[in-house]
Amino acid sequence: MKLFGYEIRDELPNIFSNKKIIVNTINPHSYCVAKSDSIFRKSLLDSDYLIPDGIGIVLATKFIYGKRIKKISGFDLHKFTLEIAEKSSAKVFYLGATENTLLKIKSKVNFEYPNIQVGSFSPPFKPSFTKEENQLMLDKINSFNTDVLFVGMTAPKQEKWIQENKDKLNVKFISGIGAVFDFYAGTVERPSKFWIDLGLEWLPRLIGEPRRLWKRNFISTPEFIFDVIKLKLLGTSNK
């Protein structure tokens, strides 16, 4: 697994190589969830690439290691991957979200990237799937001869699903990108570039969805900051 935050165009390998590539994202909240969820933690650690989709990860890396990395959002990853897929006339499959959202995604991809073939499936909205439901998803993806698979079930569900099913998927590139499905479809408005450039993308999202996002900002963020400071102090004392 590699954690990187430089120019993704330079560092992401050829997604249509013979090797299956899995890319996931990490932010302070997912870090905290992974501490108590061993399957999720293994899902992140087993990623070929784990990208810093959160300003907290970027600042923590600078604070602890003195290393400057660049925040790469799932939205950026999605856009860059589609650009590669367009040049390769690839087949891209979206697993997750509602039928309405998937239709909007397909329409937008067809307009912006006419060389891409789009497949999609909206799985049942539930904590876990039956064996039959899971097999149906695998069949849909594999029968489409998918090159690129985006999974949008929110974390940690999407990463755990990828981890548990990756060996059954005949896909070259797999990534869990959660909220990007709604951002790209336009069913949820992404914070403006102003907030993104300030490193405060989380603030408008919190204001817009306080019930869903309060925990990650008022519980996970302080826990993450505490762990970062503790790691810095322990690292300093061991020098």
Exercise for the section: Treat each ILVMFWY residue as a node, draw an edge where side-chain heavy atoms are under 4.5 Å apart, and state whether Leu103 and Val188 are in one component. Expected result: no
Practice task
State, with a plain yes or no, whether a side-chain heavy atom of Phe150 is found less than 4.5 Å away from one of Phe173.
Solution key: yes
Practice task
Drop me the distance from Ile229's CD1 to Ile64's CD1, to the nearest 0.5 angstrom.
Solution key: 9.5 Å
Exercise for the section: Would you kindly say whether Asp53 and Ser73 are connected by a side-chain donor-acceptor distance under 3.5 Å? Expected result: no
Practice task
Verify the neighbour count for atom NZ of Lys166: are there more than 12 heavy atoms of other residues, nucleotides or ligands below 6.0 Å?
Solution key: yes
Handout entry: Pair Lys71 + Asp76: basic N to acidic O under 4.0 Å
Key = no
Exercise for the section: Please examine the side chains of Arg41 and Val33, heavy atoms only from C-beta on, and report whether any two atoms are closer than 4.5 Å. Expected result: no
Problem - Note, Ser120 side chain near Lys106 side chain (heavy atom, < 4.5 Å) - result: no
Practice task
Find the distance between OG (Ser30) and CZ (Phe224) and round it off to the nearest 0.5 Å.
Solution key: 9.0 Å
Exercise for the section: Starting at CG of Leu45, measure out to CZ of Phe40 and round the result to the nearest 0.5 Å. Expected result: 10.0 Å
Exercise for the section: Using a strict 4.0 Å threshold on nitrogen-to-oxygen distance, state whether Lys172 and Asp147 make a salt bridge. Expected result: yes
Problem - ILVMFWY cluster membership beyond Ile174 - transitive side-chain contacts under 4.5 angstrom - result: Ile22, Phe93, Leu95, Phe121, Phe129, Leu136, Met137, Leu138, Ile141, Phe144, Leu149, Val151, Met153, Trp161, Ile162, Leu169, Val171
Problem - Audit row: Lys160, Asp37, salt bridge (Lys or Arg N to Asp or Glu O under 4.0 Å) steps and yes/no - result: CA-CA 10 Å; Lys160 292 163 75 169; Asp37 187 329; 2.9 Å; yes
Exercise for the section: Count the heavy atoms of every other residue, nucleotide or ligand shown that sit under 6.0 Å from NZ of Lys42, and state whether that count exceeds 12. Expected result: no
Problem - CZ/Phe63: more than 12 non-hydrogen atoms of other groups inside 6.0 Å - result: yes
Exercise for the section: Drop me the distance from Asn115's CG to Leu82's CG, to the nearest 0.5 angstrom. Expected result: 12.0 Å
Handout entry: Contact check, side chains of Leu77 and Val23, non-hydrogen atoms, under 4.5 Å
Key = yes
Problem - From Ser43 atom OG to Gln163 atom CD, the distance as rounded to the nearest 0.5 Å - result: 4.0 Å
Practice task
Could you tell me if the ring centre of Phe181 sits under 6.0 Å from that of Tyr94?
Solution key: yes
Handout entry: NZ/NE/NH1/NH2 to OD/OE distance under 4.0 Å, Lys79 and Glu83
Key = yes
Exercise for the section: For Lys91, look at atom NZ and say whether over 12 heavy atoms of other residues, nucleotides or ligands are found less than 6.0 Å away. Expected result: yes
Practice task
Answer yes or no: is there an ion pair linking Lys19 with Asp48, defined by an N-O contact shorter than 4.0 Å?
Solution key: yes
Problem - Exceeds 12 heavy-atom contacts within 6.0 angstrom, atom NZ of Lys20 - result: yes
Problem - CD on Gln158 to CG on Asn24, rounded to 0.5 Å - result: 7.5 Å
Practice task
Tell me, yes or no, whether the heavy-atom count around Lys126 atom NZ, taken from other residues, nucleotides or ligands under 6.0 Å, exceeds 12.
Solution key: yes
